[in-house]
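Remarks on the structure that follows.
In this text the structure is predicted, and so the values were computed from the model without any measurement.
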There are 2 protein chains.
Amino acid sequence: MYTVKVDTTADETGACAQMSSGCVLVTGGAGFVGTHSVIELINAGYSVVVVDNFVNASHESLKRVEEICGTKIPIFSVDLTDKQALADLFKKHKFTSVIHFAGLKAVGESCELPLLYYKVNIGGTTNLLEVMKENNVKNLIFSSSATVYGTPEYLPLDENHPTGGCTNPYGKTKYFIEEIMKDLCKSDPEWNIVILRYFNPVGAHKSGKIGEDPKGVPNNLMPYCAQVAVGKRKEINVYGNDYDTPDGTGVRDYIHVEDLAIGHVAAQKKIEECCGLKIYNLGTGQGYSVMDMINALSKAAGKPVPYKIAERRTGDIASCYSKPDLAAKELGWKATRGLDEMCEDLWRWQTMNPDGFNSNGPKS
Amino acid sequence: MYTVKVDTTADETGACAQMSSGCVLVTGGAGFVGTHSVIELINAGYSVVVVDNFVNASHESLKRVEEICGTKIPIFSVDLTDKQALADLFKKHKFTSVIHFAGLKAVGESCELPLLYYKVNIGGTTNLLEVMKENNVKNLIFSSSATVYGTPEYLPLDENHPTGGCTNPYGKTKYFIEEIMKDLCKSDPEWNIVILRYFNPVGAHKSGKIGEDPKGVPNNLMPYCAQVAVGKRKEINVYGNDYDTPDGTGVRDYIHVEDLAIGHVAAQKKIEECCGLKIYNLGTGQGYSVMDMINALSKAAGKPVPYKIAERRTGDIASCYSKPDLAAKELGWKATRGLDEMCEDLWRWQTMNPDGFNSNGPKS
């Protein structure tokens, strides 16, 4: 019978302890990118331990991951702002590396509650880094974001584009954490840190069992679209159709979450080469407009997604897409899933789980 | 008899509780700028409570402040990374505002121990801001630094000069904290925060009883010079004499610590006007070169200070000085103490206390 381990006194009979090579700690492993990455890590033969505070994620998501992988995953309910709990976990398990997804991520909320974001994201990360250092675990992959580039000075965005022009606290926390990690690597060459700058993750696992499960009103385009298509919301607002883009709506670099997840396995291999500090964009390099995305989801859903043109939102930029060449060259990684696949997989997840992980299990 | 209160269970019979208007909490109040500011606040009629973790400061410094002011000061040994201790203090005392000096400040050390700097400076500040918010104390003056400007794009530096190009963790913590405070003020208009960007504080209190007391080898020019002049060190290194400056040595905006301290009283008055977020340079607007400073201290000491020309240091810039007009206009504050006074006061402190606060008390 399945039970979630919720304290750090759990014994070491899990998958992790069975592998002599130690294992990968995944923080925020119950979230959208976290769950998909856990699956790919396990598929690639890694042993994984998950910590999550379950503030923005559910236990059900990890139950589904265990079903998909056919294996039990040691799971700990730990908040990274609780350094002692984290330290206890490191005393119980031997980790060889950490993939750090945990953090708050809603732009609008970050503007309303900046202190919370700085405390959780920066404070949580410095706790994690301290505990890693104290336990001589100096291998880390960090979930950063294209938001660190601020308003693009040129496109496509390569990794040498200046960073730091973020206009909201969420984005600033990503930027500040990157700087902290750079300083840490400069101060101690034993650290290996791969910073992954995500563009716009969408889609869902092929099985339809896991996907993005926003609490309340979705902040992002595609989960919102999917909720419109499934009948939970009336229509989607398109914020501005007079941008300097082919159809006037904003252009972004959407990437299938499974491609993104596989990128983390590639980053883990890079870490094992003792790479020092490395920074990679994870994007497709292909920009799609809001209307492209609405049309593609309409196609996948087999019905039009109602939309309404609304005013531009402050802070939104016309276009943002990546140059993903460095990850191709140095990680041997490339996104392979196209727009239709992103929308089909999202749609499968949405229809199988109209209420996300609160739905009565996948219908499959 | 003098006793330092070192826990937060102290009763409320101190000076603070006697004033119906509440009082000013000074974090890092035992340090160089902190002690001088406490004196000026008390001189201006404010009631003051000091917290310090005494990692870089001595109890003796505050004993001297009490002697100078002829009053007892409630002093608490609290580390701002201990949020509970801070919260307990706020439960015991009613503060109307906070002047936040506490933080680590050695550039070189910050490069070696970046995590410590991020934890203490950022974590300590977010704890302080949270506790202030929880207690509805939303008035703050913050010790920032001209270092947030990075390499000057133009001179003199005004407050609109871009910030963020800091190359060391110490400077980054100042910049990050400024951003956190800006975001906080944006999110909640009840906050009044004055950010003071110090240029190069030097000098000492006129009494010779308090001054800068660096632990170990001084990081800054003038304390080093003074130790050379008093015979504790052989000679001072002048790092580069081929800069594009009048005499080839680096130019900085040195400001007398008493002027700086009075600037904090002016900032406190500004806070009382419910000013929202304000940012001011505290400098003289006058640049002096390393050689100007060595010559001025030689004059004050009545003997030449031996020096040696050395290689430029990585990260040093040719010139950095302020445009202090905004503080003059909006705070009604101006530095009035010149180069000779800075050096005479420093020299008095140094000769009266050759070993800083470990000396056998002032000779006066």
N-O pairing of Arg313(B) and Asp316(B) below 4.0 Å: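 Looking at Asp316(B) together with Arg313(B), the answer is yes, because their closest N to O distance falls below 4.0 Å.
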
With a 6.0 Å cut-off on the ring centroids, do Phe142(A) and His264(A) count as close?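 No, the ring of Phe142(A) stays outside the 6.0 Å limit from the ring of His264(A), centre to centre.
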
Phe199(B) ring center within less than 6.0 Å of Tyr321(B) ring center: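 Here the rings of Phe199(B) and Tyr321(B) have centres that are no less than 6.0 Å from each other.
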
Looking at NE2 of His100(B) and CG of Leu196(B), how far apart are the two atoms once the value is rounded to the nearest 0.5 Å?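 Reported value, rounded in 0.5 Å steps: 12.5 Å.
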
I need the minimum non-hydrogen distance between Gly31(B) and Asp52(B), along with the two atoms involved.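 Looking at all heavy atoms of both residues, the shortest contact is N-OD2, 3.8 Å.
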
Side chain / backbone / both / neither for [X] at chain B, heavy atoms under 4.5 Å:
X	value
Ile122(A)	side chain
Lys133(A)	side chain
Glu112(A)	backbone

Highest number of heavy-atom pairs under 4.5 Å with chain B: which of [options]?
options	value
Leu116(A), Leu129(A), Asn168(A)	Leu129(A)
Lys186(A), Lys182(A), Glu179(A)	Glu179(A)
Thr126(A), Leu113(A), Ile180(A), Asn127(A)	Ile180(A)

